[in-house]
Number of protein chains: 2
Amino acid sequence: MELSEGRLKFIEAWGKLGSEWGINRTMAQIHALLLISPEALTTEDIMEELTISRGNTNMNLRDLIGWGLVEKQHKSGERKEYFYADKDTWNIARQVAKERKKRELDPIIKLLNELSEVKGDDKDRNYKTFRSSVKDINKLAKNVNKTLETMLKAEESWFWGSIFKIFK
Amino acid sequence: MELSEGRLKFIEAWGKLGSEWGINRTMAQIHALLLISPEALTTEDIMEELTISRGNTNMNLRDLIGWGLVEKQHKSGERKEYFYADKDTWNIARQVAKERKKRELDPIIKLLNELSEVKGDDKDRNYKTFRSSVKDINKLAKNVNKTLETMLKAEESWFWGSIFKIFK
DNA sequence: TTAAACTTTCAGTAATTTTTGAACTTTTGA
DNA sequence: TCAAAAGTTCAAAAATTACTGAAAGTTTAA
């Protein structure tokens, strides 16, 4: 396979993966393009490569910056903004985990704690099933939460090393 | 909070969470409803509780069965089909992990292996960055893969026990 | 202070995804 | 064998989400 074909496939696959995980396709594609670009790119570069509009490019770049996956760069003597993606996969994974934890896991844990307080009749089967499901999900969510917190602080090699030491 | 309010909030939250993770809202809501229902429900029950159409209910139930999260039950002497959700959270997590691994991780690993074979000029910076990104993502994907495989085989208490033994 | 170079915003449009509902199929019991 | 009761399908409609392009905003340098 040629590099140019490989690059296209990579961008396409990253976009598809993103959309399967609730991340907009274009945002994932811009990220993919930056991941395989040695140099920072301008808005124009991205628009051309992906044939998308200026507005779309701009908004998705802001989002990527909001996710902590892309940063703005300025070249001295130039007015234009350049965009660069961190290439360290472990940082990317951590950053995504961090943001999704904040946006989704934390609120769900908060709700589950509230739902644990729901009062009812212990003889009511609906109530018993509700309580039991909420309790179990709560436990799982808290375990995931603890594991993510460890991961957020950890070095990649230590993290996987620890995992595999046990799992063999 | 009252049980009825809690049930509504739970269904709503589960639906939202699903949609944030690329799972259709209604499918997640049906799953939520079944999770907090002690008895198996009929299509009619679900249609009424969630005020959705028969077609929609039917299709999403098929999908849930396809994900291995819901099973059909038959009551003797009755024509109607009843639907029941496994309430074991660990089984649910494993089932979701298993399906998503099969549908998404496995294909991505296959592609990454192909992309590892892309030929090019070692002096080309584009080529070098491409190779390096592909290699790193490949490594991460394989680590995730191994961890998932362990998880799929494991008992819940053993799994979290092992994780926390290391992470403290 | 002006104008060129660039960035941001957002109303309108387009694309995609989800839902409906009615026609169609299957199963069952009389 | 038939009709009632249930289950399934899918074209069309609705809802949601993403994209465009042009106007408005900002920054810079002369």
Side-chain angles (χ1 to χ4, degrees), chain A residues 11-12 14-34 39-67 69-84 103-104, chain B residues 11-12 14-34 39-67 70-84 100 103-104:
Chain A
I11 291 169
E12 193 192 352
W14 208 241
K16 177 151 170 273
L17 194 67
S19 70
E20 286 165 341
W21 288 82
I23 283 155
N24 132 353
R25 175 183 255 80
T26 303
M27 178 170 144
Q29 287 184 336
I30 293 176
H31 186 228
L33 173 60
L34 291 174
E39 316 284 354
L41 302 182
T42 63
T43 301
E44 300 277 340
D45 294 334
I46 297 167
M47 287 167 60
E48 276 177 33
E49 286 270 2
L50 305 178
T51 47
I52 56 177
S53 73
R54 186 175 299 282
N56 196 8
T57 308
N58 183 275
M59 296 214 303
N60 283 112
L61 279 170
R62 299 306 121 193
D63 282 354
L64 282 165
I65 292 170
W67 276 79
L69 295 173
V70 165
E71 62 179 32
K72 243 189 247 189
Q73 283 187 351
H74 291 279
K75 300 207 173 171
S76 60
E78 282 207 59
R79 173 70 207 289
K80 267 198 292 261
E81 289 175 342
Y82 287 78
F83 298 93
Y84 183 80
R103 296 173 195 206
E104 295 155 24
Chain B
I11 291 169
E12 193 193 349
W14 208 244
K16 178 154 170 269
L17 194 68
S19 71
E20 285 165 343
W21 287 81
I23 283 155
N24 131 354
R25 175 182 256 82
T26 302
M27 177 169 147
Q29 287 184 336
I30 293 176
H31 186 229
L33 173 61
L34 291 173
E39 317 284 353
L41 301 182
T42 64
T43 301
E44 300 277 342
D45 294 334
I46 296 167
M47 287 168 60
E48 278 177 31
E49 286 269 3
L50 304 177
T51 49
I52 54 177
S53 73
R54 184 175 302 282
N56 196 8
T57 307
N58 184 277
M59 297 211 309
N60 283 113
L61 278 169
R62 302 304 121 194
D63 282 353
L64 281 166
I65 291 169
W67 276 79
V70 165
E71 62 179 31
K72 244 190 247 191
Q73 284 187 350
H74 291 280
K75 300 207 174 174
S76 60
E78 283 206 59
R79 170 70 206 291
K80 266 199 294 268
E81 290 173 342
Y82 287 77
F83 299 93
Y84 184 79
R100 294 203 86 143
R103 297 173 194 207
E104 295 155 25

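Proteins get letters first, then strands, A, B, ... in listed order; numbering begins at 1 in each.
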Heavy-atom pair of closest approach, residues B/Y84 and B/E39: CD1-C, 4.3 Å

Closest to the B/K80 side chain: C/dC6, D/dG21, D/dA6? D/dA6

Distance, rounded to the nearest Å, where B/K16 contributes NZ and D/dT17 contributes P: 12 Å

Round to a whole Å and report the spacing from NZ of B/K75 to C1' of D/dA6. 16 Å

For A/L41 and C/dC6, what is the distance between atoms CG and P respectively, to the nearest whole Å? 16 Å

Atom-pair distance (CD1 on B/I23; P on C/dT17), nearest Å: 15 Å

Spacing between A/M47 atom CE and C/dC6 atom P, to the nearest angstrom: 13 Å

Taking the side chain as every heavy atom from C-beta outward, state whether A/N24 and A/D63 have any atom pair closer than 4.5 Å. no

Shortest non-hydrogen contact from A/G66 to A/R103? O-NH2, 4.0 Å

Mind running salt bridge (charged side-chain N to carboxylate O under 4.0 Å, His left out) on B/E12 and B/K16 for me, showing each step along the way? CA-CA 6 Å; B/E12 193 193 349; B/K16 178 154 170 269; over 6 Å; no

Which parts of nucleotides 25-30 of chain D does protein reach within less than 4.0 Å, heavy atoms only, written one letter per nucleotide 5' to 3' as B for base, S for sugar-phosphate only and - for none? -BBS--

Can you run down the side-chain hydrogen bond (donor to acceptor under 3.5 Å, both in side chains) pairs that involve residues 44-60 of chain A, sequence neighbours left out, and say none if there aren't any? A/T42-A/D45, A/E44-A/R54

Along DNA chain D (nearest heavy atom to each residue), the more 5'-positioned of B/E44 and A/N60: B/E44

Spacing of B/I52 atom CD1 relative to C/dG21 atom P, expressed in whole Å: 12 Å

Check whether any side-chain N or O of B/N24 sits under 4.0 Å from OP1 or OP2 of D/dT16, and answer yes or no. no

Check the distance between D/dT17's C1' and B/E20's CD and give it to me in whole angstrom. 15 Å

Given side chains that start at C-beta, do those of B/F83 and B/T43 come closer than 4.5 Å, heavy atoms only? yes

Flag the pair A/Y82 / A/K72 as yes when at least one side-chain heavy-atom distance between them is below 4.5 Å, and no otherwise. no

Which atom names give the shortest non-hydrogen contact between A/A28 and A/G18, and what distance separates them? CB-CA, 4.2 Å

Give me the atom names and distance for the closest heavy-atom approach of B/E104 to A/L17. CB-CD1, 4.3 Å

To the nearest Å, give me how far apart CD (B/Q29) and P (C/dT18) are. 13 Å

Nucleotide N/O of nucleotides 8-15 of chain C paired with protein N/O under 3.5 Å:
{"unit_1": "C/dT8", "atom_1": "OP1", "unit_2": "A/R62", "atom_2": "NH1", "d": "3.2"}
{"unit_1": "C/dT8", "atom_1": "OP2", "unit_2": "A/N58", "atom_2": "ND2", "d": "2.4"}
{"unit_1": "C/dT8", "atom_1": "OP2", "unit_2": "A/R62", "atom_2": "NE", "d": "3.1"}
{"unit_1": "C/dT8", "atom_1": "OP2", "unit_2": "A/R62", "atom_2": "NH1", "d": "3.4"}
{"unit_1": "C/dT8", "atom_1": "OP2", "unit_2": "A/R62", "atom_2": "NH2", "d": "2.3"}

Does B/T43 put a side-chain nitrogen or oxygen below 4.0 Å from OP1 or OP2 of D/dA6? no

